[in-house]
Structure formats: C-alpha cells, structure tokens
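To keep things clear, I will list the structure first and then write my remarks on it.
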Amino acid sequence: MRTRCGMLLGSMLLLGLLTTPARAQVSVNVHIGEPPPVVVYSPPTMVMLPEPQMYVAVGVPYDIFFVSGRYYYFHGDHWFWGAGYGGPWTYVAVERLPPGLRRYKVKQLREFREREYRVYQVQGPKFGGRHFVAEDEDRDGDRDGDRDGDREHHGRGRGRGHNKH
C-alpha cells in the first residue's frame with residue numbers, strides 16, 4: 001500500500017509540474033532593411049497636391065512625397081523617410097507618418113498625383129501650381145538649399161521653386 005501511495009503522490013506531483021503554466025516572453029524584431037536606391041537621371045519635380053497638402057514627385061517611377069522638410073518613399077508595402085529624394089532611407093512605421101500620408105491609402109495618393117501631373121504636363125512652363133525641383137544635397141555641402149537665392153522657402157523643400165502664394 002505504501003508503494004502505491006508513493007507512486008500516486010509522485011504521479012500527482014509530476015502532473016502538477018507539467019500543468020503549471022510556463023511564463024515565456026516573446027520578442028519579435030523585424031528588420032525591414034533599406035529599399036533599393038532611387039535612381040533618376042535628373043532631380044524630380046515635386047508638385048503640390050492640393051487635396052492632401054503635400055508635394056509629390058512626378059515623372060518618376062517612385063512614390064516619393066515631401067512633407068514638413070522630409071522626403072517619404074513608399075516601397076514594398078513599407079514607408080521610409082530621408083533628408084533627400086535619393087535617400088539614404090530609414091524605415092518609418094505607419095503610426096509615425098505625417099497625418100496626410102497616414103490619412104490616405106497609397107492608391108488614393110497615386111490618383112491625386114496622376115491628376116495633378118496631367119495638369120502639370122498640359123500646362124508645361126505655364127503651370128500655375130506650387131512646385132519645385134528636388135535636390136538631394138548641395139554639392140558644396142550647404143544643406144539649407146539657399147545657395148543661389150532661386151529656391152523655395154518656408155520649409156517647403158530644397159530646390160528651384162515656383163511657388164504661387
């Protein structure tokens with residue numbers, strides 16, 4: 001009887017240990033990495049989109065936006081930001097995007113871009129909307145973008161600007 005009680009007690013202890021919930025921590029660290037480089041033959045023209053109130057690169061095969069002094073690049077279902085239109089790019093979570101980019105789906109932003117780009121193409125040099133030619137970084141290292149005095153001001157971008165107020 002003693003052996004039976006000992007076995008029963010041992011089995012109960014073992015069963016108790018096996019059913020005790022284990023506390024485990026799960027940590028997920030996803031490294032998105034940098035997107036492929038933006039390669040264009042000349043700096044892109046950035047045109048103001050009236051609806052979301054931000055600039056967008058036109059005439060290039062990239063989704064590049066300019067908001068509050070930063071360039072934002074959408075690639076492979078991820079957003080990146082950089083100081084210039086050519087990067088280097090840093091991953092940015094959707095929650096950390098400027099409100100205009102967060103508010104609209106990429107499909108809508110592309111539709112806004114295409115609409116405004118058609119107007120830009122038709123009007124050519126007489127285009128009356130706000131726009132500027134983007135610059136990555138001045139060759140002399142001057143990053144404030146005011147070397148020749150013919151630049152867009154008020155934090156709207158580095159580049160030769162045409163701004164109708």
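In this chain, numbering begins with 1 at the start of the sequence shown.
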Can you give me the closest heavy-atom contact between [X] and [Y], atom names plus distance?
X	Y	answer
A57	R113	O-CD, 3.4 Å
M48	Y55	N-CD2, 3.4 Å
G128	Q123	N-OE1, 3.3 Å
V38	G86	CB-CA, 4.2 Å
M46	I64	CE-O, 4.0 Å
E116	P50	OE1-CD, 3.6 Å

Item to check | Qualifying residue for ring pair (Phe, Tyr, Trp, His ring centres under 6.0 Å) with F132, from Y85, F127, F66 | outcome: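 For F132, the ring pair (Phe, Tyr, Trp, His ring centres under 6.0 Å) check succeeds only for F66.
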For the rings on [X] and [Y], is their centre-to-centre separation under 6.0 Å?
X	Y	answer
F65	Y72	no
W79	F74	yes
Y104	F112	yes

Checklist entry - Taking a hydrophobic cluster as the set of Ile, Leu, Val, Met, Phe, Trp and Tyr residues connected by side-chain heavy atoms closer than 4.5 Å, whether directly or through intermediates, do Y120 and V122 fall within one such cluster? => result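 No, Y120 does not connect to V122 through the hydrophobic network.
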Next on the checklist: Please determine whether side-chain contact (heavy atoms from CB on, under 4.5 Å) holds for the pair R115 and E51, giving the CA-CA distance in whole Å, both sets of side-chain angles, and the decisive distance to 0.1 Å.
Outcome noted: CA-CA 11 Å; R115 181 188 64 216; E51 180 131 355; 4.2 Å; yes
Checklist outcome for this item: Distance col, row E114:CD vs L109:CG, nearest 0.5 angstrom, shows 11.5 Å
Checklist entry - In Å and rounded to the nearest 0.5 Å, what is the CD to CG distance from Q108 to L49? => result 12.0 Å
Checklist entry - Does the H131 side chain pair with the main chain of G129, one donor and one acceptor, at a distance under 3.5 Å? => result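 Yes, the answer is positive, given that a donor and an acceptor are paired below the 3.5 Å cut-off.
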Checklist entry - Are the side chain of Y62 and the backbone N or O of V39 linked by a donor-acceptor pair below 3.5 Å? => result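 Indeed, once roles are kept as given, a pair shorter than 3.5 Å links the two residues.
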Next on the checklist: Is it true that, when you exclude R102 itself, more than 12 heavy atoms of the residues, nucleotides or ligands shown sit nearer than 6.0 Å to its CZ?
Outcome noted: yes
Next on the checklist: Can you classify the ring geometry of F80 versus Y73 as parallel (below 30°), tilted (30 to 60°) or perpendicular (above 60°)?
Outcome noted: tilted
Checklist entry - With a 4.5 Å limit on heavy-atom distance, are the side chains of P35 and H78 in contact? => result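 In short, these two side chains do not touch, never coming nearer than 4.5 Å.
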